[in-house]
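Encoded as structure tokens, the structure appears first; notes follow it.
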Number of protein chains: 2
Amino acid sequence: MDTIPDLRSWGGADAYLRTCASRAVLDVIANKWVCLVLGALREETMRFGQLRRRLDGITQKMLTKTLRELERDGLVHRAVYPTVPPRVEYRLTELGQNLGRLMTEIRVWAEEHMPEIQEARERYDERAAQDPMPV
Amino acid sequence: MDTIPDLRSWGGADAYLRTCASRAVLDVIANKWVCLVLGALREETMRFGQLRRRLDGITQKMLTKTLRELERDGLVHRAVYPTVPPRVEYRLTELGQNLGRLMTEIRVWAEEHMPEIQEARERYDERAAQDPMPV
DNA sequence: CTGTATCCCACAAGATACTG
DNA sequence: CAGTATCTTGTGGGATACAG
């Protein structure tokens with residue numbers, strides 16, 4: 001079982017986390033699957049398999065892990081209906097919806113500016129290819 | 001030398017990246033150091049060592065790598081002054097400032113909501129400790 | 001259908017030492 | 001000062017098999 005990292009190292013002498021909440025939150029959302037799951041659930045409550053298809057490319061394992069983390073962080077609510085076969089629905093909590101709005105802003109930014117990034121990369125790579133990098 | 005991963009590595013039929021810009025951008029910003037560097041440079045142009053001290057806890061290697069990626073993506077400009085000892089200044093490009101604003105929103109959100117996340121975790125862990133998890 | 005449990009590997013990332 | 005070059009370890013994450 002994957003263990004969920006504990007952040008209580010907070011306030012301690014640790015160099016990374018010390019002072020700020022920002023770093024703790026970044027440890028939550030600086031994760032592509034987390035962002036994508038939040039984004040997907042923003043649209044509607046979804047079942048596990050539905051979510052899996054929606055997030056084309058995610059493995060069962062990563063989806064489960066991501067959802068558990070989000071549940072632990074109070075961003076996603078997990079509702080189990082003890083039917084057979086089992087039915088599990090995931091929906092954003094209020095906190096999750098709140099964060100989801102930020103995710104949407106990121107998506108909007110992404111769609112608007114990705115071309116510029118792509119162009120910058122091509123320029124950079126071209127320059128790098130020309131410059132005689134030392135052995 | 002660390003190579004900068006190329007998006008196209010997963011190209012073509014891959015399930016993850018294909019269509020959307022969001023995923024490509026998430027691969028850029030879903031990274032705590034990237035977020036922190038952008039956040040730091042939002043305040044002011046900084047030299048390498050200055051940045052390193054500011055981002056307490058980052059290693060030289062990771063800072064270098066992060067800055068190279070950001071430079072490649074056109075988010076950070078790198079200015080080298082061929083003095084001795086060398087002086088290298090990093091500043092956000094316009095695109096970088098633009099993204100930096102999003103970073104700031106994340107920081108604001110973090111400071112506002114981290115306590116809620118922390119509480120959710122404690123509740124979750126307490127519940128988990130009580131429930132007799134199956135072997 | 002919704003998960004757990006394993007095996008496995010590539011790579012992210014820290015520590016350390018060296019250089020123009 | 002601003003990096004490179006190595007070495008090593010942890011872990012993110014895929015593939016697969018199995019279970020309630």
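In the text below, chain A, chain B and the rest are named by the order of the sequence lines, each starting its count at 1.
- One atom, CG of A:L51, and another, C1' of C:dT2, lie 12 Å apart when rounded to the nearest Å.
- For B:E94, there are no side-chain contact (heavy atoms from CB on, under 4.5 Å) partners two or more places apart in sequence or in a different chain.
- Heavy atoms of B:Y90 sit under 4.0 angstrom from primed sugar atoms or phosphate atoms, though from no base atom.
- Going from atom CZ of B:F48 over to atom C1' of D:dT4 covers 11 Å, rounded to whole Å.
- Across the protein-nucleic acid pair, B:R52 atom CZ and D:dA2 atom C1' stand 9 Å apart, rounded to whole Å.
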Would you list the protein and nucleotides 14-20 of chain C atom pairs, both N or O, that sit under 3.5 Å from each other?
unit_1	atom_1	unit_2	atom_2	d
C:dG14	O6	B:K61	NZ	2.5

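- Residues B:E105 and B:R101 are not paired through a salt bridge, judged by the lack of any N-O separation under 4.0 Å between the basic side chain and the carboxylate.
- Atom P of nucleotide C:dC11 and atom CG of B:D27 are separated by 14 Å, given to the nearest angstrom.
- Between the side chain of B:T93 and the backbone N or O of B:G74 there is at least one donor-acceptor pair closer than 3.5 Å.
- Counting to the nearest Å, the P atom of C:dT6 and the NZ atom of A:K65 are 17 Å from each other.
- In this structure, B:A30 has no side-chain contact (heavy atoms from CB on, under 4.5 Å) partners at least two apart in sequence or on a different chain.
- Using five terminal pairs a side, the axes of the helix from C:dC1-D:dG20 to C:dG20-D:dC1 at its two ends make an angle of 50°, given in steps of 10 degrees.
- Listed by first and then second residue, the salt bridge (Lys or Arg N to Asp or Glu O under 4.0 Å) pairs that reach into residues 38-49 of chain A are A:E43-A:R54, sequence neighbours excluded.
- Remark: A:E116 engages A:H113 in a side chain to side chain donor-acceptor pair (under 3.5 Å) (not counting sequence neighbours).
- Listed by chain and residue number, A:E89 satisfy the side chain to side chain donor-acceptor pair (under 3.5 Å) test with A:R87 (two or more places apart in sequence, or in another chain).
- What separates CD of A:Q50 from P of C:dT2 is a distance of 9 Å, to the nearest Å.
- Under the salt bridge (charged side-chain N to carboxylate O under 4.0 Å, His left out) criterion, B:E111 pairs with no residue at all, not counting sequence neighbours.
- Counting to the nearest Å, the P atom of C:dG3 and the CE atom of A:M46 are 14 Å from each other.
- The side-chain contact (heavy atoms from CB on, under 4.5 Å) check on A:V80 picks up A:R78, A:V88, with sequence neighbours excluded.
- Between B:R47 and D:dG3 there is no side-chain polar atom (N or O) within less than 4.0 angstrom of OP1 or OP2.
- Phosphate contact (OP1/OP2 of C:dT2, side-chain N/O of A:R68, threshold under 4.0 Å): absent.
- Rounding to whole angstrom units, CG of residue A:L36 and C1' of D:dG13 are separated by 15 Å.
- Among the nucleotides D:dG13, C:dG3, D:dG3, the one closest to the side chain of A:N31 is D:dG13.
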